[in-house]
Structure formats: C-alpha cells, structure tokens
Amino acid sequence: MINFRYARANDVADAIRQAAGDANAKFIAGGTNLIDLMKMDVERPVTVIDITRLPLTQLQNTAGGGLRIGALVRNTDLAYHPCVEERYPVLSSAIMAGASQQLRNMASTGGNLLQRTRCHYFYDIATACNKREPGSGCSAIEGHNRMHAILGASEACIATHPSDMCVALAMLEAKVHVGNTSGDRVVPFAEFHRLPGATPQRDTNLDAGEIITAVELPPKGFAANYTYLKIRDRLSFAFALVSAAVGLELDGDIIKEGRLALGGVAHKPWRDPEAEAALCGRPANLATFTRAANIVLRDARGYAHNAFKIDLARRCIVRALSQAARGTPQSQSSKKIV
Ligand SMILES: Cc1cc2nc3c(=O)[nH]c(=O)nc-3n(C[C@H](O)[C@H](O)[C@H](O)COP(=O)(O)OP(=O)(O)OC[C@H]3O[C@@H](n4cnc5c(N)ncnc54)[C@H](O)[C@@H]3O)c2cc1C
Ligand code: SF4
C-alpha cells in the first residue's frame, strides 16, 4: 500500500488552487480508471483531490444552439439524456458501446476524456514502457501488439486511445472547457489529445493542475444520418479493435458534408480532412465510401499482430458510412448501398 493524501474540493476555484499547490496531485471523479492505476502502482499521486461534489453535473443549452455538458455528468446520464438522444444520437451510441452499465454509472465526462491507454505493458510495471517511464523503451513494438495503433504511432509508443465517447466527440467537433489559475480556456477537440511522438507520457495538451469543467457540443448533431460502429472481440465489455463515428448531411443522394472519426487505431481519435473532403459533393455510394476509406488508411502501418486492423478499419468505415447514408445507424437494411 502506497499512502496518499485525500482532499475534497469545495468549488472549482478551490480544486484549481489545491492542484496548483501540489505537483503530484490528481483529481478523482468516478475513479474507474484512476483507482485501478493506483492499485497497479502505475499512478502514484501524493494527493487525490475529490471533485465529485463540484457543481459540474448539468447539461445546458448554449446561446449558439449547442449543448454544454458539465465535466461531472455521468456517462449513463449523458447517454440517456433526451437532448442527447434526440440531437446527438451518435454520442449516445458511442457511450453505450463502452464499458459496462455499472462503469458508465460511475464514469464522468471529464474522466472519460482522460482515461489512459489499455496497452497491457503500460499496466504491467515489470515491463518497459515509455508512457509510464519515459526513456525505458516500448515493449509493445516487438511484443504483443494486437490492440495497438496503425496510424500516427511513433518509435517511442504505438498505444491507442481507448475511449468510445471521444470518437463521437471528435466527429461532432466538440470543445473542451478547461480551468486553471489564470482563468479559463477552450480547446478544440482535435487539439485536446496528442500523438505520441517523442513524449508518449503526455496523452493530452492539458497542463498540470488544469481541470476540465465542461465539454461543449456545437449545434450540428447529424441526428438523421449517423453511425457509431464498434468492432471488438466480444459484443460487450471490450475495448474497440476499430471503431468509427460518422455523420452525413445529405441532399438527396449527394453528400453535402461528411464527417468521420476512428477509434482504436491511433493515440487519439483519428480524423482525416482529406478523406472527409473526398466525401463532399459525391454520391453516397460504395465507390465514394471506399475511396474515403482508402484515403484514411493510405499511411497505415501494421505490426506483427495487428496488420489485420488495416483491412478491418477499411471495412468498418465503409459499413459505417453505408449505415449512416441509409439512416439505419445500428441495423442492416433491405435497401442496399451499391
Ligand atoms: C473494465 C473496464 C472496461 C472499460 N471499457 C471501456 C470501453 O469499452 N470504452 C470506453 O470508452 N471506456 C471504457 N472503460 C473506461 C471508462 O470509460 C473510464 O474508466 C471512465 O470513463 C473514466 O471516468 P472516471 O470519471 O471514472 O475517471 P477517473 O478514474 O476518476 O479519472 C480518470 C483521470 O481523469 C482525471 N480527471 C477526472 N476528471 C477530471 C476533470 N474534470 N478535470 C481534470 N482531470 C480529471 C483523473 O485525475 C484521472 O487522471 C472501461 C473501464 C473499465 C474499468
Ligand atoms: S505502446 Fe506505449 S503504452 Fe504500450 S508499452 Fe509502448 S510506450 Fe508503453
């Protein structure tokens, strides 16, 4: 047992103040990731600051027609909220595809964004891992790497980001509201998570001591033509091998706007502007979807155990886009896309 100090924050300013004064402090929300990491000796905070009583549990419509989600809104409450089900169903789908009901009941919006990779070497302190211990090496590159990245990896780390919810938030172009000692700042979702590069120990561009206060969704939710498709080893309670969140705006059979984010393939939810541009103005058919998938995967690289993911991702993208185009996000349809 490694001792740590427990502290409770009274309000957001108090949480920021406490974290700023302690370089080895960690906030705790649902605790579904942090507690595991502490038990396994991967994370060793000196102080754990409990933020669960902060007033960050609301969903509010924004003046611009979007939705502001407090950082402490539980995953279950978010997925089942009528506003989200109706206006952002891709987010509901993505959340419901993750973890288990018990975990979703505990897990918070902010904690979900900051959950750490599921690379098994990261959790095994007997092995080398640059993310856990910078400079120690990466056991996955020559090791068991079935779950690992095929896009955007580096020589230092080939881990993937594990969240389902974040894939939908990336596709929706959410913004992350962050509080720190100098005030507030807003980070576009695409700039929130990082690629590993030479500093895989940093998952995000959040600075030490900063707190997530909210996630803001823009008005556009792609509620008519969307899909979250998650391919995994079991039908539930398993992390994605590959997942895709897609949204289409259609004018008849022509795509006015197409968005696509992938999970399970990179160190962050993966967007590709060139692939999305290749959807625009094109007919919603198999040829268009295959072309976009090929663009996304043009630089994909597989390792000893995960090369299968490249073809899996291609098929996942095409199927997700086909389902979205049909307006049948979860199911097969008699109307075939050709
Ligand atoms: C067995 C299992 C299976 C799972 N399967 C899936 C899955 O299939 N898909 C999926 O997406 N997820 C899955 N998860 C992960 C789960 O979604 C996350 O553990 C959860 O979302 C984390 O939220 P939390 O509130 O519990 O975070 P915590 O564990 O409390 O915190 C996680 C991290 O976030 C930091 N933090 C929390 N809130 C804030 C804040 N407001 N500001 C700044 N820092 C903050 C903490 O300091 C900590 O570093 C699984 C988890 C388990 C244990
Ligand atoms: S892939 Fe990343 S997290 Fe996994 S062992 Fe290598 S450095 Fe560590």
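Everything numeric in this text was worked out from a predicted model, so none of it was measured. Whatever order the structure lists ligands and atoms in, that order sets their numbers, starting from 1.
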(message) Heavy-atom pairs closer than 4.0 Å: do any link ligand 1 to the side chain of Ala238, the backbone, both, or neither?
(response) backbone
(request) Note the single closest protein heavy atom to atom 11 (O) of ligand 1, along with its residue, its atom name and the distance in Å. (result) Asp164 N, 2.8 Å
(message) Salt bridge check, Arg146 against Asp233: does any charged N sit closer than 4.0 Å to a carboxylate O?
(response) yes
(request) Determine, using heavy atoms of Lys230 and all atoms of ligand 1, whether some pair is separated by less than 4.0 Å. (result) yes
(message) Suppose we measure from atom 18 (C) of ligand 1 to each protein heavy atom; which comes out shortest, and what is that distance?
(response) Thr32 OG1, 3.4 Å
(message) Suppose I only count heavy atoms of Ser108 and a 4.0 Å limit; which atoms of ligand 1 are within that range?
(response) 23 (O), 24 (P), 25 (O)
(message) Considering non-hydrogen atoms of the protein only, which is the closest contact for atom 50 (C) of ligand 1, and what is the distance?
(response) Phe239 CZ, 3.5 Å
(request) Specify the protein heavy atom at minimum distance from atom 42 (N) of ligand 1: its residue, its atom name, and the distance to 0.1 Å. (result) Ile212 N, 2.9 Å
(message) Side-chain heavy atoms nearer than 4.5 Å, only ILVMFWY residues, links allowed to pass through others: does that put Val167 and Leu217 together?
(response) yes
(request) Using a strict cut-off of less than 4.0 Å between a Lys/Arg side-chain nitrogen and an Asp/Glu carboxylate oxygen, indicate whether Asp203 and Lys131 qualify as a salt bridge. (result) yes
(request) Over 60° means perpendicular and under 30° means parallel, so classify the ring planes of His148 and His120, tilted if in between. (result) perpendicular
(request) State the SG-CD1 distance between Cys138 and Ile158, to the nearest 0.5 angstrom. (result) 5.0 Å
(request) Check ligand 1 against Asp36 and write out every atom of the ligand that is under 4.0 Å from a heavy-atom position of the residue. (result) 53 (C)
(message) Are His267 and His193 an aromatic pair, judged by ring center distance below 6.0 Å?
(response) no
(message) Looking at non-hydrogen atoms alone, which of Leu34, Ile211, Leu37, Asn112 comes nearest to atom 29 (O) of ligand 1?
(response) Leu34
(message) Quick one: does any side-chain atom of Asp251 pair with a main-chain N or O of Lys256 as donor and acceptor, under 3.5 Å?
(response) no
(request) Could you find the nearest protein heavy atom to atom 27 (O) of ligand 1 and give me its residue, atom name and distance? (result) Gly111 CA, 3.4 Å
(message) Checking Ser236 now: which residues fulfil side chain to side chain donor-acceptor pair (under 3.5 Å) with it, not counting sequence neighbours?
(response) none
(message) When you measure from the heavy atoms of Ala240 to every atom of ligand 1, does any distance fall below 4.0 Å?
(response) no
(message) Using a plain distance cutoff, I'd like to know if Ala29 has any nitrogen or oxygen under 3.5 Å from a nitrogen or oxygen of ligand 1.
(response) yes
(message) I'd like to check whether Asn33 has a polar contact with ligand 1, where a contact means an N/O of the residue lying under 3.5 Å from an N/O of the ligand.
(response) yes
(message) Would you say that more than 12 heavy atoms from the other residues, nucleotides or ligands in this model lie under 6.0 Å from the CD of Glu86, or not?
(response) no
(message) Does any N or O of ligand 1 fall below 3.5 Å from an N or O anywhere on Leu103, backbone included?
(response) no
(request) Answer yes or no: are there more than 12 heavy-atom neighbours, outside Glu155 itself, under 6.0 Å from its atom CD? (result) no
(request) Begin from the C-alpha positions of Glu173 and Lys220 and carry the test salt bridge (Lys or Arg N to Asp or Glu O under 4.0 Å) through to its verdict. (result) CA-CA 9 Å; Glu173 298 189 343; Lys220 200 173 221 175; over 6 Å; no
(message) Only heavy atoms of Lys26, strictly under 4.0 Å: list the atoms of ligand 1 that pass.
(response) 47 (O), 49 (O)
(request) Report the nearest protein non-hydrogen atom to atom 48 (C) of ligand 1: residue, atom name, distance rounded to 0.1 Å. (result) Phe27 O, 4.1 Å
(message) Tell me whether the count of non-hydrogen atoms from other residues, nucleotides or ligands lying under 6.0 Å of OH in Tyr80 goes above 12.
(response) no
(message) For Thr213, which part has a heavy atom under 4.0 Å from ligand 1: side chain, backbone, both, or neither?
(response) neither
(message) Under a 3.5 Å distance rule, please check whether Thr117 uses its side chain to pair with a backbone N or O of Thr160 as donor and acceptor.
(response) yes
(request) Kindly confirm or rule out an N or O of Gly31 lying under 3.5 angstrom from an N or O of ligand 1. (result) yes
(request) Would you list the protein N, O or S atoms within less than 2.8 Å of atom 6 (Fe) of ligand 2, leaving out water? (result) Cys138 SG
(message) Within ligand 1, which atoms have a heavy atom of Ile51 less than 4.0 Å away?
(response) 38 (N), 39 (C), 40 (C), 41 (N)
(request) Closest by any non-hydrogen atom to atom 5 (N) of ligand 1: pick that one out of Gly264, Gly179, Ala99. (result) Ala99
(request) Please work out which of Val167, Leu114, Ile49 has its closest non-hydrogen atom nearest to atom 35 (C) of ligand 1. (result) Leu114
(message) Can you tell me if Arg53 has over 12 outside heavy atoms packed within less than 6.0 Å of its CZ?
(response) no
(message) Does any N or O of ligand 1 fall below 3.5 Å from an N or O anywhere on Ile28, backbone included?
(response) no
(request) Could you tell me which atoms of ligand 1, counted from 1 in the order shown, lie closer than 4.0 angstrom to a heavy atom of Phe237? (result) 1 (C), 2 (C), 3 (C)
(message) Please determine whether the number of non-hydrogen atoms from other residues, nucleotides or ligands lying under 6.0 Å from atom CZ of Arg298 exceeds 12.
(response) yes
(message) For the backbone of Ala170 and the side chain of Arg271, can you confirm whether one donor and one acceptor N or O come within less than 3.5 Å of each other?
(response) yes
(request) Determine whether more than 12 heavy atoms belonging to other residues, nucleotides or ligands lie under 6.0 Å from atom CG of Leu235. (result) no
(request) Report the member of Gln102, Gln115, Arg118 with the shortest heavy-atom distance to atom 51 (C) of ligand 1. (result) Arg118
(request) May I ask you to say whether Asp207 pairs ionically with Arg202, meaning some side-chain N is under 4.0 Å from a carboxylate O? (result) yes
